[in-house]
Every structure is written in C-alpha cells, then in structure tokens.
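Below is one structure. I have some questions about it.
Letters A, B, ... mirror the listed sequences (proteins, then strands); counts begin at 1.
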There are 2 protein chains.
Amino acid sequence: MVPAISGSAPLFAALGDRTRLQLVSRLCSGGPSSLANLSAGLPITRQAITKHLRAMERSGLVHSRRKGREMIWRLERRRLREARRYLEIVSAQWDSALARLRDFVED
Amino acid sequence: MVPAISGSAPLFAALGDRTRLQLVSRLCSGGPSSLANLSAGLPITRQAITKHLRAMERSGLVHSRRKGREMIWRLERRRLREARRYLEIVSAQWDSALARLRDFVED
DNA sequence: GCGAAATGCAACCAGAAAGTTGCCTAATCG
DNA sequence: CGATTAGGCAACTTTCTGGTTGCATTTCGC
C-alpha cells in the first residue's frame, strides 16, 4: 500500500551522499548555478562534481542546461516533492491506529 | 541554511535501496516483525536481509530487540520524521520568493 | 533430550561508486 | 588572434555494497 517503491529508491539514493546533499543545499539556497560555481569551495575535483550531478540528473532530482560555455544546474522541485510525499505517507500510515494496534499485538 | 547535512545523508542512503524500501513498507504496514517473517517472500537470502536491517539500524531508521530465539525489528518513527522534515525545509526554502528571484536573475 | 526453527558469524565475490589524473574541445575576452 | 576559462571524455584505483555459501549457536516444541 505504501506507494511507488520502485521509483522512490533511486531518488533517496541520490540524496544519500554527503557531497550530493551539499550540492542540493547550494542549489536550493542559491538557485541555479554553473558547474564551476558549484565545485568552487568543495574539496573534490570538478569531474567528481560532474559525476554527482549527472547521477542526480538520472534520478530526476536535478536538471542541466547549456548556456554558452557553462553548464547551468537547477533543482527539480517536482521530484523533491515526490520524496517528501513518500515519507509523509509512510509516516502517516505508521501513525495510524492500526499500526499501533499491531505493534501491541506482535510485541 | 539547510540543516543537518552531515546527519541526513546516511539516513537517505538507508532509504536508497529497493529491498530496504520494501522492508520499510512491510514494517510500516505490518508493524514490528521477526527476521524470518520479513525475509519470507523476498527473493534474497535471510543473511542479506539481516545486513540490510543492520545497515538501517546503524542509521537509526530501525530498531531490533531479541525475543526468545527470534529477532524483532521495528521502524523508528523519530528518524523517519527527521528525514521528512529535512525535505520539507529544503522544499520550503526552494519555494521561497528569494529562491525564485535568484532563479530568474541567474537564468 | 532431540530435532527443527531462528538466527549469528565469517569468508568470499562481482559489480557499482567515489574519486583521481591526463588530455581534448569549445566559448569568451583582451 | 591568443590566452584563459568552462567543461567533456576516458582510463584507472580503491573502497563500499549487495549478495552468496557454509557452518555454528541458541531456543522451542514435543
């Protein structure tokens, strides 16, 4: 009954890395940004950042657009909402009286 | 601005696997359950399930308790709420007028 | 007490992932 | 035009991960 298991796993996987969460944070608070901009300050190479961004792109979490010689990346709000919704549903279900009853019974 | 990056990554990583999401689903809708019970029906070995559960336990997503000869696992609601909250904050921040402004400016 | 059930532990394996280095291409700005 | 800046591609290393098999241990039911 919990929804869309198959589709949600890659999305959470995309969030499940410290560096990628930092990128999400930057993209979130700073808006769309170029690769050079994103990799500035982070302790790893630009190529590694590219790999992370492409991985996130494959899971739909982020989107890229060429602009001249630079690559602009931005967060994909829709996908983020999906992840949030998944957790909301799981939480809600867990919070239900039925779950609590079974918890008690099987204890 | 976005909170608790360091702590959130392992949590999302724990959710970022199809099998583990299935376990979350089972634990969520069925309440606490034994290892044998959880591994029944899944196409992988019991040992693999154990590894997944222990991984989830390390990230605080799940909790185990011995009961006679069986091991009872249950979801940790608190941790699930944390993940949800993280996404809510990121989403909210992204949705803010400031983010949209920067989106426009840097476009 | 004995057999079956539920689990733990350790070694092992293949493939994915995170990161690097080296070099190449395409815009941009003096 | 020439130098610089932004980025792409490919090969390679190391470590992590998901999964396996084999065997030992504890506990339950009869």
Next on the checklist: Can you give me the closest heavy-atom contact between A:M71 and A:S64, atom names plus distance?
Outcome noted: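 The answer is CE-OG, 3.6 Å.
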Checklist entry - Quick one: side chain to side chain contact (heavy atoms under 4.5 Å, CB included) partners of A:A55, sequence neighbours excluded? => result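 Once residues adjacent in sequence are excluded, the partners of A:A55 under the side chain to side chain contact (heavy atoms under 4.5 Å, CB included) criterion are A:R20, A:R58.
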Next on the checklist: Tell me the interatomic distance from B:L42, atom CG, to D:dG18, atom P, rounded to whole angstroms.
Outcome noted: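 In whole Å, D:dG18 P and B:L42 CG are 15 Å from each other.
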Item to check | Phosphate-side-chain proximity, B:T45 and D:dG19, N/O vs OP1/OP2 below 4.0 Å | outcome: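 No, B:T45 has no side-chain N/O under 4.0 Å of OP1/OP2 on D:dG19.
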Checklist entry - Do the ring planes of B:F12 and A:F12 sit parallel (below 30°), tilted (30 to 60°) or perpendicular (above 60°)? => result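 Taking A:F12 first and then B:F12, their aromatic rings lie parallel (interplane angle under 30°).
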Next on the checklist: Can you give me the closest heavy-atom contact between B:V24 and B:M56, atom names plus distance?
Outcome noted: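 In terms of heavy atoms, the two residues are closest at CG2-SD, 4.2 Å.
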Checklist entry - 5' to 3' on DNA chain C, which nucleotides open and close the contacts with chain A (atom under 4.0 Å from a heavy atom)? => result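 Taking any atom under 4.0 Å from a heavy atom of chain A, the span is C:dA18 to C:dT28.
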Checklist entry - Which letter, B, S or -, goes with each nucleotide of nucleotides 2-14 of chain D from 5' to 3', with contact meaning a protein heavy atom under 4.0 Å? => result ---BSBBB-B---
Next on the checklist: What verdict does the side-chain contact (heavy atoms from CB on, under 4.5 Å) test give for A:L15 and B:L15, after you've listed the backbone C-alpha separation in whole Å, the side-chain angles of each residue and the deciding distance to 0.1 Å?
Outcome noted: CA-CA 9 Å; A:L15 290 169; B:L15 291 168; over 6 Å; no
Next on the checklist: Between B:S25 (side chain only) and B:L21 (backbone N and O only), is there a donor and an acceptor less than 3.5 Å apart?
Outcome noted: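 No: the side chain of B:S25 does not pair with the backbone of B:L21.
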Checklist entry - Does a salt bridge link B:R79 with B:E82, judged by any charged N lying under 4.0 Å from a carboxylate O? => result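 The answer is yes: the pair qualifies as a salt bridge.
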Checklist entry - So, B:R26 side chain and B:L38 main chain: donor-acceptor pair closer than 3.5 Å or not? => result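 Checking the backbone N and O of B:L38 against the side chain of B:R26, a donor-acceptor pair under 3.5 Å is found.
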